[in-house]
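As structure tokens, the structure follows; a few thoughts come after it.
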Protein chains: 2
Amino acid sequence: MASKQMVHMNQGQGETSYAHNSSFQSAEQNRMKPLIDAAVVELCSNTTTMSHGKMVIADLGCSCGPNAVALVSIALEATRSHFLRLRQPHPEVCVLLNDLPYNDFNTVVKSLVAVRQIGEPLVVTGIVPGSFYERLFPSGSVHLFCSSNSLHWLSKAPEDLRINQIPAYDIDENVRRERLPVVAGAYARQFRKDFTLFLQLRGQELVPEGRMVVSLPGRRSDEPVTESSLIWGTAAQILGAMASEGVIDKERLDSLYIPVHGPSDEELREIIQEEGSFSISEMRVHDPISGMDRALLTPNRMVNSLRAAFEPIIVQHFGSPGEIMDEFVRTGEEHLSLQRRSQVKHARNPRVMLVVSLTKA
Amino acid sequence: MASKQMVHMNQGQGETSYAHNSSFQSAEQNRMKPLIDAAVVELCSNTTTMSHGKMVIADLGCSCGPNAVALVSIALEATRSHFLRLRQPHPEVCVLLNDLPYNDFNTVVKSLVAVRQIGEPLVVTGIVPGSFYERLFPSGSVHLFCSSNSLHWLSKAPEDLRINQIPAYDIDENVRRERLPVVAGAYARQFRKDFTLFLQLRGQELVPEGRMVVSLPGRRSDEPVTESSLIWGTAAQILGAMASEGVIDKERLDSLYIPVHGPSDEELREIIQEEGSFSISEMRVHDPISGMDRALLTPNRMVNSLRAAFEPIIVQHFGSPGEIMDEFVRTGEEHLSLQRRSQVKHARNPRVMLVVSLTKA
């Protein structure tokens, strides 16, 4: 079920690591705080849910680096404050982090140790390796699921495209433009299938009235699908430029499908309602770079973020590590600088972040 | 609470790794099989324990390499067979592996993936990093604890020795012999303290009537304590020879305390009875090398086993990686070859393995 592609972030703690290139993801996690806080307060106030004096909090797709424990730390702090405010004894809290088996868990374990602290409440921690498109936790065992910037990763590349050998990105601009609806449609269908399964599985694993707060990149429903609203669009554009320059093989590029999809808010709402395990408590749509210092969003930083996320897939596909990624960064910086100059200042960002807070129906 | 010494096995998969030097430990795990099988059958037949259709199995001190999943695999297979025999639906099984945060968990995760298989029963897996001298799991959540060859690791070096600066191993043979009761006594007291705490903590984490099957190296109660019945004895002898030859600093050796203790069977029984959380269902004492091909127990293999277990501690203490361990292997082989020639053939092994099966009282 899990993707055969190497979908994990760049490992370790070096300059090109995900750990050093994920400040954007960190800002996003902070934006989830009010929704996590509200979900925790509701959970803690529910006498049925809390009848066993235990609270199990799990992050799905934790990745590695400092962000790995950010969401569970927010939830842990909210739990602490709630019981402190009520002067009631704290429940035991169990904090679990999930990611694919290729993730750098040795780094994650070191962050987890910091989360466990002596004193109230008793916090026990664990790691649950595996795809979130499979069962990961015992039935009815989790109170709160969180996930930030992970659910856009599909279980695999869109089947229709792969089977029919339709390239996701064609170097010819006209072919690409004409084919956009077919490509975007195939990605949307794969996402629908995957996200439906995800909801079913998490529904089984949550306690009755359990909660889930997730955030993922997507687009506004009232904006049309364009090449640059696709999550993998920019990376594909850079690789396209590299293929045009003969740095990578054109035919190899034709068979590359980066398995990510950002749904529209309407698309997300529809899938959740159709699947039926959850009711939507709140949904927010926001510009991920609003409030950020745009001067910091340099082409260099942006392309390094793309590198941290997609390097394992790119290197696995083109099979020539080292040089290819240096070239990716060089071409990427050029491409993003050009794009920036040609854009109207402060144009509406084609990509947004969707945050949704769900309650098990 | 956890030891500040680097108590983890040699990492990775190379020639000096624990993964490649743990066949002895593997034989020991197989010897635990009948006791684990019996404990699982009793647990599965207990309608109170199994009322939620879930079974949580945890290994404490899993280390890395192929042995990491051996005990939980035995327990999983026993559970499968039991319900298959009765033609009853399988419970969900949750398999958890614990070790200290410095353990090589990236290797463990790869072994865990193999344990999870599609089909009946549903198996979910996780890693719980931390010292087993701290709380690791939620209260009343675990059905079966297993542990092989880990509980001889103390939480720290014996306090009395460290505070009073009494060397555990003195190069002078007469001093060493005279001081043996003091040194052995200090190790025994630290073990009593640690193992009592261990029993208390696991008692809290087990479900009512939960089970624990553990195996650890020790000695027969009817044999006196000698230098070579101490678990760290051989490693200390090798380091002593290295200090005599001037390869390592004599004074540094004086402050080295390898934090392991092998209790006698009586010592173990007494601690368990005094602590009171458990009743002993069965205790076995056996020669760890009985049934093994003695020809395979070459000095080279034996010293490589010691290296895989103690290298992190030795290197951390003497602070000169690389050369020191090559010298350790060279001196060790010489020492063990000499020892072997001087020994009466098939002399009684001063060290035994203790296996104990416990039921939560």
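Residue numbering restarts at 1 for every chain, and letters A, B, ... go by the order of the sequence lines.
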_Which atoms of A/F105 approach chain B - backbone, side chain, both or neither, heavy atom under 4.5 Å_ = both

_Which portion of A/L136 sits near chain B, non-hydrogen atoms under 4.5 angstrom_ = both

_salt bridge (Lys or Arg N to Asp or Glu O under 4.0 Å) against A/E205, all qualifying residues, sequence neighbours excluded_ = A/R135, A/R202

*Atom pair OG/CD of A/S141 and B/E92 - distance to nearest 0.5 Å*: 8.0 Å

*What are the two closest non-hydrogen atoms of B/D104 and A/N106, and how far apart are they?*
OD1-ND2, 3.2 Å

*Which heavy atom in B/P129 sits nearest to a heavy atom in A/G126, and how many Å separate them?*
CD-CA, 4.2 Å

*Ignoring hydrogens and angles, tell me if any N or O in the side chain of A/K54 forms a donor-acceptor pair with the backbone of B/S139 under 3.5 Å.*
yes

_Counterpart residues, side chain to side chain contact (heavy atoms under 4.5 Å, CB included), relative to B/T79 (two or more places apart)_ = B/V40, B/C44, B/M55, B/I57, B/F83, B/P91, B/V93

_Could you walk me through whether A/V124 and B/V128 satisfy the side chain to side chain contact (heavy atoms under 4.5 Å, CB included) test, starting with their C-alpha distance in whole Å, then the side-chain angles of each, then the deciding distance to 0.1 Å, before giving a yes or no?_
CA-CA 8 Å; A/V124 296; B/V128 180; 5.9 Å; no

*For each of B/V113, B/T125, B/N98, tally heavy-atom pairs with chain A at distances under 4.5 Å, and name the one with the top tally.*
B/T125

